[in-house]
There are 2 protein chains.
Amino acid sequence: MILKSQVEWALHCCAILAGLPEGRYLSTKALAEFHGLPKEYLSKALQSLSQAKLVESTLGPSGGYRLARPTAEITFLDVVEAVEGKERTFACSNIRANNPCRPEGYCEAGPCAVARVMWDADEAWRAKLRSVSLAALVQTLEQEIPTTLWQSSFQWVLKRAG
Amino acid sequence: MILKSQVEWALHCCAILAGLPEGRYLSTKALAEFHGLPKEYLSKALQSLSQAKLVESTLGPSGGYRLARPTAEITFLDVVEAVEGKERTFACSNIRANNPCRPEGYCEAGPCAVARVMWDADEAWRAKLRSVSLAALVQTLEQEIPTTLWQSSFQWVLKRAG
DNA sequence: GAGAGACTACTCGGATACAGTCTGTCCGAGTAAATCCGG
DNA sequence: CCGGATTTACTCGGACAGACTGTATCCGAGTAGTCTCTC
């Protein structure tokens with residue numbers, strides 16, 4: 001079990017979009033070039049973000065994507081769920097119901113103990129992801145990336161933002 | 001991204017094995033019948049547990065599996081990692097290295113900020129799984145399963161344990 | 001020079017192939033129990 | 001009746017197909033900007 005590579009791409013793309021000036025858009029092409037990724041496939045990840053209403057898109061020349069909400073109101077969990085789906089990582093098939101000793105017509109109440117533990121762990125994972133916003137990510141990046149690289153990257157992006 | 005169904009099976013099987021008297025073994029066939037699962041495929045999950053040294057196996061008639069350690073010393077995480085592997089759920093391909101603005105020969109120090117967040121979440125998930133032992137699971141089950149069902153199941157298993 | 005209309009080029013979005021992993025099945029090597037035979 | 005060798009039947013373990021999700025790609029619908037022509 002491993003997350004799709006699209007999750008990583010989506011997060012990095014959001015980090016770039018987070019630094020975009022108000023009202024500007026950045027195209028899939030630019031994002032793909034910046035990250036060295038296949039443009040066509042990256043667009044799938046961005047479509048997922050678009051469907052989840054995390055980003056807005058515009059067509060035509062100088063079109064592309066921009067964040068749909070303030071960076072403080074978009075969390076890692078939002079992005080991960082947009083790409084991976086909101087389903088829990090553990091699916092309970094309720095196999096206890098196959099117990100041959102189970103009396104006829106017996107009906108279990110609530111989810112089984114195994115599923116509860118797995119779901120608790122899943123929730124802990126989600127809570128951690130929910131606790132980090134894009135704003136926090138950008139702040140971290142700004143601190144640890146060399147200023148020259150940060151600025152040149154910003155210029156590079158700005159040049160292609162419509 | 002969703003965990004394999006084998007994880008669920010392995011956990012339920014461990015719960016059964018946890019209730020087995022000292023020195024007895026339970027076969028794949030019995031475990032498969034009890035849970036209503038395909039015997040052949042279930043054996044794959046048990047093999048994983050065996051390779052992880054969580055269970056011991058014996059051949060011949062009245063052979064099968066038993067836990068290799070006390071129930072208090074086997075956690076959910078042990079079982080999950082035995083089946084799913086110990087790799088982290090998020091793989092960082094270090095795409096920041098593709099930044100076209102990156103100076104020649106520039107070398108990043110440490111994992112990127114995105115990966116750190118994802119790995120923190122992964123660790124929170126694992127910590128939760130690590131905090132629940134098989135002993136705790138058995139205790140929970142014993143409390144919430146009707147006594148008659150509990151005992152008849154125990155008898156059913158004991159009858160087939162070699 | 002200004003405005004309206006047509007055109008162009010670029011964008012996103014969905015529909016379409018390829019690959020890898022998960023799921024499910026099969027058969028063989030090995031061993032503990034049961035059986036049989038001799039003492 | 002007891003002990004040992006043989007047989008047997010049952011187990012695990014690895015090797016072998018099918019289905020589904022993830023990966024990668026292509027092409028069409030639609031729009032913002034640009035250009036041109038007319039007034």
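Lettering follows sequence order; numbering is per chain, from 1.
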Candidate nucleotides D:dA24, C:dT23, C:dG14, ranked by approach to the side chain of B:Ser5 - the nearest: C:dT23
Nearest listed nucleotide, side chain of A:Glu40, among C:dC22, D:dC26, D:dC12: D:dC26
5′-ward residue of the pair A:Leu3/B:Leu26 relative to DNA chain D: B:Leu26
Donor on one side chain, acceptor on other, B:Gln6 and B:Ser48, under 3.5 Å: no
d(CD, A:Glu8; P, D:dG22) in whole Å: 17 Å
Atom-pair distance (CD on B:Gln6; C1' on C:dG24), nearest Å: 10 Å
Atom pair distance, as rounded to whole Å: NZ in A:Lys53 and P in C:dG13: 11 Å
N or O in side chain of B:Gln51 less than 4.0 angstrom from D:dC12 OP1/OP2: no
Of the listed nucleotides D:dG14, D:dG30, D:dT23, the one nearest the side chain of B:Gln47: D:dG14
B:Thr28 side-chain N/O to D:dC12 phosphate OP1/OP2 under 4.0 Å: yes
Crowding at CD, A:Glu144 (>12 non-hydrogen neighbours, <6.0 Å): yes
Residue pair B:Val117 / A:Leu11, side-chain heavy-atom distance below 4.5 Å: no
First encountered from the 5' end of DNA chain C, between B:Pro38 and A:Pro61: A:Pro61
Sugar-phosphate only, base, or nothing, as touched by A:Ser43 at under 4.0 Å among non-hydrogen atoms: nothing
Touch class at under 4.0 angstrom, heavy-atom based, for A:Glu84 against every strand present: nothing
Distance test, side-chain N/O of A:Tyr41 to OP1/OP2 of D:dT25, below 4.0 Å: no
OP1 or OP2 of C:dT11 under 4.0 Å from side-chain N/O of A:Ser57: no
Earlier contact from the 5' end, DNA chain C, for A:Leu46 and B:Lys44: A:Leu46
Length of the NZ-C1' vector between A:Lys4 and D:dA24, whole Å: 13 Å
A:Ser27 side-chain proximity, nearest of C:dG30, C:dA32, C:dC12: C:dC12
Between D:dG33 (C1') and A:Tyr25 (OH): distance, integer Å: 15 Å
Touch class at under 4.0 angstrom, heavy-atom based, for A:Glu56 against every strand present: nothing
Of the listed nucleotides D:dA24, C:dA33, C:dT25, the one nearest the side chain of B:Ser62: C:dA33
Nearest-angstrom distance from the residue atom CD1 of B:Ile2 to P of C:dT21: 18 Å
Atom NZ of B:Lys4: over 12 foreign heavy atoms under 6.0 Å: yes
Among C:dG24, C:dT23, C:dG13, the one nearest B:Trp9 by side-chain distance: C:dG24
Interatomic distance where CG belongs to A:Leu42 and C1' belongs to D:dT25 [whole Å]: 14 Å
Nearest-neighbour nucleotide for the A:Thr58 side chain, D:dG30, D:dG22, D:dA32 considered: D:dA32
Spacing between B:Leu59 atom CG and C:dT31 atom P, to the nearest angstrom: 7 Å
Sugar-phosphate, base or nothing in reach of A:Tyr65, heavy atoms under 4.0 Å: sugar-phosphate
More than 12 heavy atoms of other groups within 6.0 Å of A:Gln139 CD: no
Donor on one side chain, acceptor on other, A:Arg96 and A:Asn94, under 3.5 Å: yes
